[in-house]
Amino acid sequence: MRVPLIVGNWKMHLSLDEAEALATAAAKVAADCPDREVVIAPPFTALATVRAVVGERLILAAQNVGWAKKGAFTGEISPPMLRELGCRMVIVGHSERRHIFHEDNRMINQRLRGAMQQGLVPILCIGETLAEREAGRTMAVLEAQIRQGLNQVTLSDPARLVMAYEPVWAIGTGQTATPAQAQEAHKFVRRLLSALYEKNIATTTRILYGGSVNAANIDELMALADVDGALVGGASLAAESFERVIRFV
Ligand code: 13P
């Protein structure tokens with residue numbers, strides 16, 4: 001019912017040559033795995049290069065998006081610009097955008113709605129910090145990020161939105177959430193979606209897990225009932241480890 005989705009978030013990494021080589025390798029694996037969807041999110045500057053080698057099966061995404069079609073927004077990239085480069089998806093609300101660049105739920109909601117209006121599928125990232133988890137506030141934080149992030153968003157087609165739970169303390173630390181922690185959060189996200197939308201939206205929207213996903217832990221994560229895929233940082237930067245993540249069993 002929910003086609004597994006593996007997304008490689010390259011963040012601010014790789015030269016154009018490296019990007020081309022890695023995308024070429026990922027495209028081969030994606031073509032060989034028809035039962036799952038594979039996405040890469042290169043830096044903006046590599047999108048045009050990578051587009052030439054993604055083929056039919058590897059989906060191109062951007063790492064962020066401006067909300068307006070065009071205008072005086074220095075440093076921003078608009079949804080039509082991304083569409084023109086072949087992007088079908090875009091990450092919004094990544095924890096690095098929230099915590100390093102101080103994007104708040106209101107701005108993330110604007111970005112998400114702008115993306116959707118222009119036909120891009122947003123991957124809405126949510127997740128608590130370690131301090132929030134230790135204070136017992138995890139679900140309250142997730143709920144606020146979801147309610148505000150999806151403010152004024154109507155959904156009739158589950159294919160138009162992807163959710164990603166990325167606990168901030170698990171990103172780039174090697175400390176993955178335990179299966180119980182991941183499943184608890186994912187189940188909570190799905191329950192909240194069912195409160196906000198029709199039941200079929202909640203049951204068919206894909207919820208990805210992110211945070212130190214690698215070749216060694218992907219199988220266990222993908223076995224969880226409400227984990228429908230992964231948002232992968234470090235392990236998506238080498239062809240071999242990304243391939244193993246894509247080929248989870
Ligand atoms: P790592 O897989 O490097 O922990 O990064 C996760 C992430 O932020 C993906 O968006």
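Numbering of ligands and ligand atoms starts at 1, following listing order.
Looking at atom 9 (C) of ligand 1, its nearest protein heavy atom turns out to be Glu166 OE2, 2.9 Å.
At least one heavy atom of Gly172 sits less than 4.0 Å from an atom of ligand 1. Contact annotation: Ser212 has at least one heavy atom less than 4.0 Å from an atom of ligand 1.
Side-chain polar atoms of Asn151 and Arg147 form no donor-acceptor pair below 3.5 angstrom.
Between Asn9 and ligand 1, at least one N/O pair is under 3.5 Å apart. Close N/O approach between Gly234 and ligand 1 is found [any backbone or side-chain N/O within under 3.5 Å].
Remark: Arg36 qualifies as a cation-pi partner of Phe248 under the 6.0 Å distance and 45° angle criteria applied to the six-membered ring. Cation-pi geometry between Arg97 and Phe101 is met: under 6.0 angstrom from the ring centre, within 45 degrees of the axis.
Contact annotation: for Ile171 versus ligand 1, heavy atoms closer than 4.0 Å belong to both the backbone and the side chain.
Of the possible polar contacts, one joining the Arg111 side chain to the Val65 backbone as a donor-acceptor pair under 3.5 Å is found. Between the side chain of Arg98 and the main chain of Gly93, a donor-acceptor pair closer than 3.5 Å is present.
Each of the atoms 5 (O), 6 (C), 7 (C), 8 (O) of ligand 1 lies under 4.0 Å from some heavy atom of Lys11.
For atom 1 (P) of ligand 1, the nearest non-hydrogen atom from the set Gly127, Ala170, Gly233 comes from Gly233.
Smallest separation of non-hydrogen atoms from Ala19 and Ala46: CB-CB, 4.0 Å.
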